[in-house]
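Everything on this sheet refers to the single structure shown next.
Chain letters run A, B, ... following the sequence lines, proteins first and then strands; every chain starts at 1.
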2 protein chains.
Amino acid sequence: MANRRTNPDFLNGVPELLILQLLEQRPMYGYELVQAIVRSTGERLEFGEGCIYPLLHRLESEGTLTARRQQVGGRERVVYRVTRKGKGKLAEAAARWRHVAAAVTMVLQGGIHEQRQPGIA
Amino acid sequence: MANRRTNPDFLNGVPELLILQLLEQRPMYGYELVQAIVRSTGERLEFGEGCIYPLLHRLESEGTLTARRQQVGGRERVVYRVTRKGKGKLAEAAARWRHVAAAVTMVLQGGIHEQRQPGIA
DNA sequence: TGGGATACCTGTAACCGTGAGGCATGGAGG
DNA sequence: CCTCCATGCCTCACGGTTACAGGTATCCCA
């Protein structure tokens with residue numbers, strides 16, 4: 001969970017971010033979510049079930065998601081929904097992602113060396 | 001090194017990417033590089049020496065970087081430079097970063113659900 | 001004399017994601 | 001009828017990367 005680290009958790013917290021974002025758009029069950037990630041990233045990203053399911057369990061136990069079991073044609077589905085608390089987490093997480101992505105992209109653009117920002121010390 | 005994984009190596013390969021990019025702009029020594037990362041990301045990212053030095057060693061042994069020892073006022077510096085091969089790696093890595101970042105940002109924008117791309121199967 | 005900045009290094013631990021499994025149901029095809 | 005594949009859930013072991021806390025040595029300034 002990265003309790004106060006020097007860097008935000010976004011150099012590997014991408015799956016969690018995507019889960020929150022996609023589930024906020026629409027409640028889904030795990031298997032569905034795995035495929036939704038593939039779809040919505042245009043086949044660029046693909047996280048296996050072995051990555052997603054444990055994450056869903058953790059997010060639920062944190063109170064970020066709620067789970068509801070469903071029976072559909074003899075098959076069971078566990079549908080997840082983002083809680084109010086989860087929406088807050090998503091907002092923070094998305095903001096941090098943009099912050100980090102902007103930083104990296106900035107460096108990649110390269111032209112802008114050593115910019116000074118007057119606000120800090 | 002993520003030899004053909006389902007996902008590109010960019011959900012955690014950021015330090016390597018920044019090292020390559022910054023060293024391509026200008027050769028630097030380790031200690032300097034650590035601070036350059038802080039600077040050039042506007043204090044958003046900070047990787048400790050314990051992260052950077054081992055990476056430099058690995059990149060050197062891969063042939064991505066070359067090291068040259070220098071004596072400056074009784075202190076030793078190891079200046080790193082990107083090889084031709086390294087420039088190739090940087091280009092690929094940067095492209096992959098943009099690819100991934102675009103995917104995540106796309107999902108975050110959210111409005112665009114389930115877009116179909118006619119090119120693929 | 002002490003401390004802080006410079007400058008290098010290593011090792012341990014934690015974390016995350018991968019990939020390969022295991023289980024069960026339902027439907028399609030031979 | 002039997003088999004295979006897609007669905008749908010799950011767990012575990014492994015590997016790679018990063019974090020953090022060390023350790024060494026020099027130099028400069030107070």
Rounded to the Å, how far apart are [X] [atom1] and [N] [atom2]?
X: A:Ile19; N: C:dC16; atom1: CD1; atom2: C1'; value: 13 Å
X: B:Ile52; N: C:dT10; atom1: CD1; atom2: P; value: 14 Å
X: A:Met28; N: D:dT7; atom1: CE; atom2: C1'; value: 15 Å
X: B:Leu55; N: C:dT10; atom1: CG; atom2: P; value: 13 Å
X: A:Leu33; N: D:dG8; atom1: CG; atom2: C1'; value: 13 Å
X: B:Glu32; N: C:dA7; atom1: CD; atom2: C1'; value: 11 Å
X: A:Glu49; N: D:dG8; atom1: CD; atom2: C1'; value: 8 Å
X: B:Phe47; N: D:dC20; atom1: CZ; atom2: P; value: 11 Å

Quiz item: Does a side-chain N-to-carboxylate-O contact under 4.0 Å join A:Arg58 and A:Glu16?
Solution: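 Salt bridge flag = yes for A:Glu16 with A:Arg58.
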
Practice problem: Report the residues that fulfil side-chain contact (heavy atoms from CB on, under 4.5 Å) with B:Arg75, sequence neighbours left out, ordered by chain and then residue number. | Solution: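 B:Arg75 satisfies side-chain contact (heavy atoms from CB on, under 4.5 Å) with no other residue.
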
Practice problem: For A:Arg77, check side-chain contact (heavy atoms from CB on, under 4.5 Å) against everything at least two apart and list the hits. | Solution: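 Scan of A:Arg77 (side-chain contact (heavy atoms from CB on, under 4.5 Å), adjacent residues dropped) gives A:Tyr29, A:Gln70, A:Val72.
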
Hey, does the side chain of [X] come within less than 4.0 Å of [N]'s phosphate (OP1/OP2), counting only N and O?
X: B:Asn7; N: C:dG17; answer: no
X: B:Tyr53; N: C:dC9; answer: no
X: A:His57; N: D:dC9; answer: no
X: B:Tyr29; N: C:dC8; answer: no
X: A:Tyr31; N: D:dT7; answer: yes

Practice problem: Look up atom OH in B:Tyr80 and atom OG1 in B:Thr64, then write down how far apart they are to the nearest 0.5 Å. | Solution: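 Going from OH on B:Tyr80 over to OG1 on B:Thr64, the span is 12.5 Å.
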
Self-check item: B:Leu56 versus B:Gly30, closest heavy-atom pair with distance
Solution: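 The pair with the smallest heavy-atom distance is CD1-CA, 3.8 Å.
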
Exercise. Describe the nucleic acid contact of A:Gly50 in one word from base, sugar-phosphate, nothing, applying a heavy-atom distance below 4.0 Å.
Key: base

Quiz item: Base, sugar-phosphate alone, or nothing: which one does B:Arg75 contact when heavy atoms must sit under 4.0 Å apart?
Solution: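 Counting heavy atoms under 4.0 Å across all strands, the contact made by B:Arg75 includes a base.
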
Proximal nucleotide (of [options]) relative to the [X] side chain:
X: A:Pro54; options: C:dC16, D:dT11, D:dT17; answer: D:dT11
X: A:Arg69; options: D:dC10, C:dG17, D:dT7; answer: D:dC10
X: A:Val78; options: C:dC8, D:dA19, D:dC9; answer: D:dC9

Exercise. Please figure out whether B:Gly13 or A:Leu56 has its closest DNA chain D nucleotide nearer the 5' end.
Key: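 First, find each residue's nearest nucleotide; the 5'-ward one identifies A:Leu56.
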
